[in-house]
Amino acid sequence: MTLKYDVVVIGGGHAGCEAACAAANMGAKTLLVTMDMNKIAQMSCNPAIGGIAKGQIVREIDALGGQTGLVTDATSLQFRMLNVGKGPAVWSPRAQCDRGKFIWQWRANLDATPNLDIWQDQACELLTDSPVSCDTIAAHATVTGVRTIWGAEILARSVIITAGTFLNGLLHIGRKMIPGGRIAEPAVTGLTESITRLGIRTARMKTGTPVRIDKRSVDFSLLDEQPGEEHPYMFSYVATESKRNRRLKQLPCWIVNTNTAVHEVLRSGLKDSPLYNGQIQSIGPRYCPSIETKLVTFPDREQHPLFIEPEGEETNEMYLNGFSSSLPMETQIEALRHIPAFKNLKVYRPGYAIEYDFFDPTQLKHTLESKIVDGLFMAGQVNGTTGYEEAAGQGLVAGVNAALKCVGTEEFVLHRDEAYIGVLIDDLVTKGVDEPYRMFTSRAEFRIMLRQDDADRRLTERAYQLGLASQQRYDWWVQKKNAIEEIEDFCYNHPIKPKFINDALEHLGTTPLQFGVKLADLIARPQLSIQSLTPYIPQLQERIDRLPNRKEEIVEAAEIRIKYKGYIERERIVAEKMHRLENIRIKGHFKYAELQSLSTEARQKLTAIDPVTLAQASRIPGVSPSDINVLLVLMGR
């Protein structure tokens with residue numbers, strides 16, 4: 001049987017779902033191929049969305065017209081804004097979700113997307129216009145579709161690979177090894193081999209997940225409760241008050257610590273740990289280590305925190321964050337029972353590790369299209385990343401560009417000063433990965449401009465012009481933008497006289513005025529806020545009362561722009577300077593191996609990555625400022 005589409009997406013995880021929706025919403029006839037329609041956007045590890053820098057990515061996805069924020073809001077069990085004790089540049093939203101409801105909400109969104117079909121099957125071969133055998137490598141190829149294990153040929157102009165951990169996946173629990181892409185799910189064989197025969201490099205990575213426990217066997221009186229926020233934010237910028245009020249029952253998380261008895265049991269099992277007995281050769285995520293890695297890395301630590309998090313509103317299953325492990329199952333369970341609250345612990349399944357194939361992301365363009373195979377796009381863990389949010393952001397960009405590829409229009413690229421998604425993709429294609437990549441706010445040099453509160457300001461208008469964001473989303477942004485500007489204009493122009501405000505300032509713990517100022521000058525003080533000043537300025541209260549839906553979000557955005565105006569402007573100037581280098585295209589201008597004025601390392605790195613612009617070249621590890629100056633001179637600059 002032969003099926004014909006514009007875009008075919010392989011894999012129904014977070015990257016695949018966003019890719020399929022984006023391509024379909026761009027008008028491309030799209031097919032999502034997934035092994036199990038009942039596990040769409042499965043949260044293979046922690047059932048949570050957001051976190052440090054990850055929350056910013058989700059808000060960017062939403063601002064661009066993506067679905068992850070909407071699905072998260074509809075299935076959230078607990079919301080917290082992280083880093084609120086620091087500046088707003090690093091505030092990061094995070095939500096614990098109902099795993100099962102998250103899947104079905106995503107499924108409902110996919111089913112409601114025009115131009116999108118779903119096919120339950122397993123892709124096993126990439127089809128191109130260049131026939132190759134096992135012993136040959138194509139010099140260049142153009143994708144034509146995929147073949148599945150059931151013999152279906154799906155022809156397409158663009159193919160997006162979002163296979164997660166399924167490519168030749170191998171599960172580890174102790175010395176036991178079983179092929180699989182996830183627990184109780186088969187691995188995908190053949191697809192990697194059909195891709196590498198085209199000249200695309202592949203390697204192996206490792207990740208893992210913790211034990212799942214039965215909450216009925218836990219003594220919660222011995223745990224520390226961690227409640228969510230009473231008045232949570234929403235991830236989606238288009239969420240209305242009615243949606244906010246239809247949230248699921250909000251549940252607490254819980255905290256407990258390991259102890260020396262736990263560690264002693266775990267150490268006794270290290271000889272059977274796949275990480276230390278030679279079974280696993282690939283590299284795992286540095287920033288989410290297994291419990292056995294923590295013991296080896298920090299041998300003097302007597303305890304490590306564990307977080308008990310709900311898997312759903314109505315289930316007894318709970319996720320034990322901080323206890324990722326591939327130790328023998330009896331070792332995991334015995335160790336946990338040495339924690340008093342877990343004395344009678346029952347588990348649903350032990351933790352496990354998984355090894356899987358990924359492809360070197362330096363072989364991709366910033367559009368996430370392959371430099372080697374025309375029309376082939378890759379997104380998510382197959383690019384060496386870790387995390388639902390990083391995958392979803394890549395999926396959206398790949399989906400947009402795969403649709404644009406079908407009609408031959410201009411590519412969609414996000415720059416480092418536009419979005420964390422832009423930082424993520426630039427890091428991947430410019431620097432590559434030697435361990436699973438995880439986004440942090442520290443990776444973004446323009447993070448004051450990339451705040452979670454203003455992703456719609458940065459991206460929604462562009463997405464609307466592209467045809468990705470809906471009219472409703474655009475109208476919502478315009479309404480919000482006008483409201484923010486109205487508050488800002490009032491604050492910058494409203495005069496404040498000492499005799500009317502000094503008593504209030506002393507009450508609020510800040511220095512009284514000696515002469516009149518504008519309201520914005522008071523808001524800029526660290527001790528003051530619009531909320532604290534509003535009771536003393538009736539005209540400000542009147543304007544806030546007239547605001548449309550989500551008053552708190554609008555007021556917060558205006559306040560941040562006032563307080564951090566100088567920092568934002570300074571960062572924008574630096575970004576504009578960087579854009580000058582972005583505008584100097586060098587791809588195809590040089591044969592780097594022949595430029596003896598460059599360092600040897602620079603010649604090698606520039607030849608391997610073949611950067612598009614001088615700015616990208618400047619971010620390649622091993623390319624020094626003097627090498628960039630040489631290229632500037634050769635370009636006549």
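All values below were derived from every heavy atom in this structure, side-chain atoms included, with hydrogens, water molecules and symmetry-related copies excluded. In this chain, numbering begins with 1 at the start of the sequence shown.
Annotation for S76 and A95: closest pair OG-CB, 3.7 Å, computed over non-hydrogen atoms. Nearest approach of A469 to T460, heavy atoms of both residues: CB-O, 4.2 Å. Contact record, A558 with I487: CB-CG2, 3.7 Å, taken as the closest heavy-atom pair. The minimum heavy-atom distance linking I448 with E571 is given by the pair N-OE1, 3.0 Å. Between C97 and T72, the shortest heavy-atom distance links the atoms SG-CG2, 3.7 Å. Nearest heavy atoms, H366 versus D426: NE2-OD1, 2.7 Å.
Within the 4.5 Å cutoff, the side chain of L450 has heavy atoms near those of the V423 side chain. The shortest side-chain heavy-atom distance between P285 and R438 does not fall under the 4.5 Å cut-off. When side chains are defined from C-beta on, L466 counts as touching M26, because their heavy atoms get closer than 4.5 Å. In this structure, the side chains of I421 and L459 stay at 4.5 Å or more apart for every pair of heavy atoms. Using a 4.5 Å heavy-atom threshold, the side chains of E369 and K365 count as touching. Two residues are said to be in side-chain contact when any heavy atoms from C-beta on lie closer than 4.5 Å; P495 and F500 fail this criterion. Between L70 and V238 the shortest side-chain heavy-atom distance falls below 4.5 Å. Between P88 and Y564 there is a side-chain heavy-atom pair separated by less than 4.5 Å.
Salt-bridge annotation for R94 and E389: absent, with no side-chain N of the basic residue lying under 4.0 Å from a carboxylate O of the acidic one. By the 4.0 Å N-to-carboxylate-O rule, R473 lies close enough to D62 to be salt-bridged with it. Using a 4.0 Å cut-off between a side-chain N of Lys or Arg and a carboxylate O of Asp or Glu, D417 and R458 do not qualify as a salt bridge. A salt bridge does not link E461 with K480: every distance from a Lys NZ or Arg NE/NH1/NH2 to an Asp or Glu carboxylate oxygen is 4.0 Å or more. A salt bridge does not link E309 with R80: none of the charged nitrogens is closer than 4.0 Å to a carboxylate oxygen.
Interatomic distance, I523 CD1 to K518 NZ, rounded to the nearest 0.5 Å: 13.0 Å. Atom OG1 of residue T68 and atom CG of residue N109 lie 9.5 Å apart, to the nearest 0.5 angstrom. The structure places CZ of F446 at 14.0 Å from CD1 of I568, a figure rounded to the nearest 0.5 Å. The CZ atom of R451 lies 14.0 Å from the OG1 atom of T441; values are rounded to the nearest 0.5 Å. Put simply, CD1 on I61 and CD on E18 are 5.0 Å apart, with the number rounded to the nearest 0.5 Å. M81 CE to H231 NE2: the interatomic distance, rounded to the nearest 0.5 Å, is 14.5 Å.
Around CD of Q531, the count of heavy atoms belonging to other residues, nucleotides or ligands within 6.0 Å does not exceed 12. Summarising the local packing, CZ of R525 is surrounded by more than 12 heavy atoms from other residues, nucleotides or ligands at distances under 6.0 Å. With a 6.0 Å radius and a threshold of 12 heavy atoms from other residues, nucleotides or ligands, Q514 has its CD atom at or below the threshold. Heavy atoms of other residues, nucleotides or ligands lying less than 6.0 angstrom from OH of Y492 number more than 12. Taking a 6.0 Å sphere around CD of E230, one finds it holds 12 or fewer heavy atoms contributed by other residues, nucleotides or ligands. The environment of CD in E225 is crowded: more than 12 heavy-atom neighbours from other residues, nucleotides or ligands sit within 6.0 Å. Annotation: F220, atom CZ; neighbour count of heavy atoms from other residues, nucleotides and ligands within 6.0 Å is above 12. Residue K587 qualifies as enclosed at atom NZ: its count of foreign heavy atoms under 6.0 Å is above 12.
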Stepwise, does the side chain to side chain contact (heavy atoms under 4.5 Å, CB included) test hold for I544 with I554? CA-CA 9 Å; I544 292 175; I554 292 168; over 6 Å; no
Step-by-step side chain to side chain contact (heavy atoms under 4.5 Å, CB included) determination, D453 to E553: CA-CA 8 Å; D453 66 273; E553 182 177 291; over 6 Å; no
Could you walk me through whether C17 and Q67 pass the side chain to side chain contact (heavy atoms under 4.5 Å, CB included) test, one step at a time? CA-CA 9 Å; C17 288; Q67 303 294 309; over 6 Å; no
Please lay out, stage by stage, how V555 and L547 fare under the test side chain to side chain contact (heavy atoms under 4.5 Å, CB included). CA-CA 9 Å; V555 170; L547 290 176; 3.9 Å; yes
Stepwise, does the salt bridge (charged side-chain N to carboxylate O under 4.0 Å, His left out) test hold for R416 with E582? CA-CA 11 Å; R416 295 182 72 91; E582 293 284 4; over 6 Å; no
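For R443 and Y437, the positive end sits near the middle of the six-membered ring, less than 6.0 Å away and at most 45° from its axis. Cation-pi geometry between K405 and F377 is not satisfied (NZ or CZ under 6.0 Å from the ring centre, within 45° of the ring normal).
Formation of a donor-acceptor pair under 3.5 Å by the D6 side chain with backbone atoms of C406 is not found in this model. The main-chain N or O of A455 is found under 3.5 Å from a side-chain atom of Y237 such that the two form a donor-acceptor pair. Under the 3.5 Å distance criterion, the side-chain polar atoms of E390 are left unmatched by any main-chain donor or acceptor of K54. Under a 3.5 Å cut-off, the side chain of D73 and the backbone N or O of S236 do form a donor-acceptor pair. Checking side-chain atoms of T30 against main-chain N and O of A28 turns up a donor-acceptor pair under 3.5 Å. For the pair E418 (side chain) and L414 (backbone), a donor-acceptor distance under 3.5 Å is absent. At least one donor-acceptor pair under 3.5 Å links the side chain of Q250 to the backbone N or O of L248. Looking only at distances, a side-chain donor or acceptor of Q56 sits under 3.5 Å from a matching main-chain atom of A53. Of the possible donor and acceptor atoms, none in the side chain of N383 sits under 3.5 Å from a partner among the backbone N and O of P361. For the pair T162 (side chain) and G11 (backbone), a donor-acceptor distance under 3.5 Å is present.
Between the side chains of Q541 and T534, no donor-acceptor pair of N or O atoms lies under 3.5 Å.
With sequence neighbours left out, the ring-ring contact (aromatic ring centres under 6.0 Å, His included) criterion links F440 to Y287.
Among E556, R550, E552, R59, the one residue that satisfies the side chain to side chain donor-acceptor pair (under 3.5 Å) test with Y233 is E556. Among the candidates L116, I118, I40, the single residue satisfying the side chain to side chain contact (heavy atoms under 4.5 Å, CB included) test with D111 is I118.
Under the 30°/60° scheme for interplanar angles, the aromatic rings of H494 and F490 are found to lie parallel. Taking the six-membered ring where tryptophan is involved, the planes of H415 and H579 are perpendicular, since the angle between them exceeds 60° and thus also 30°.
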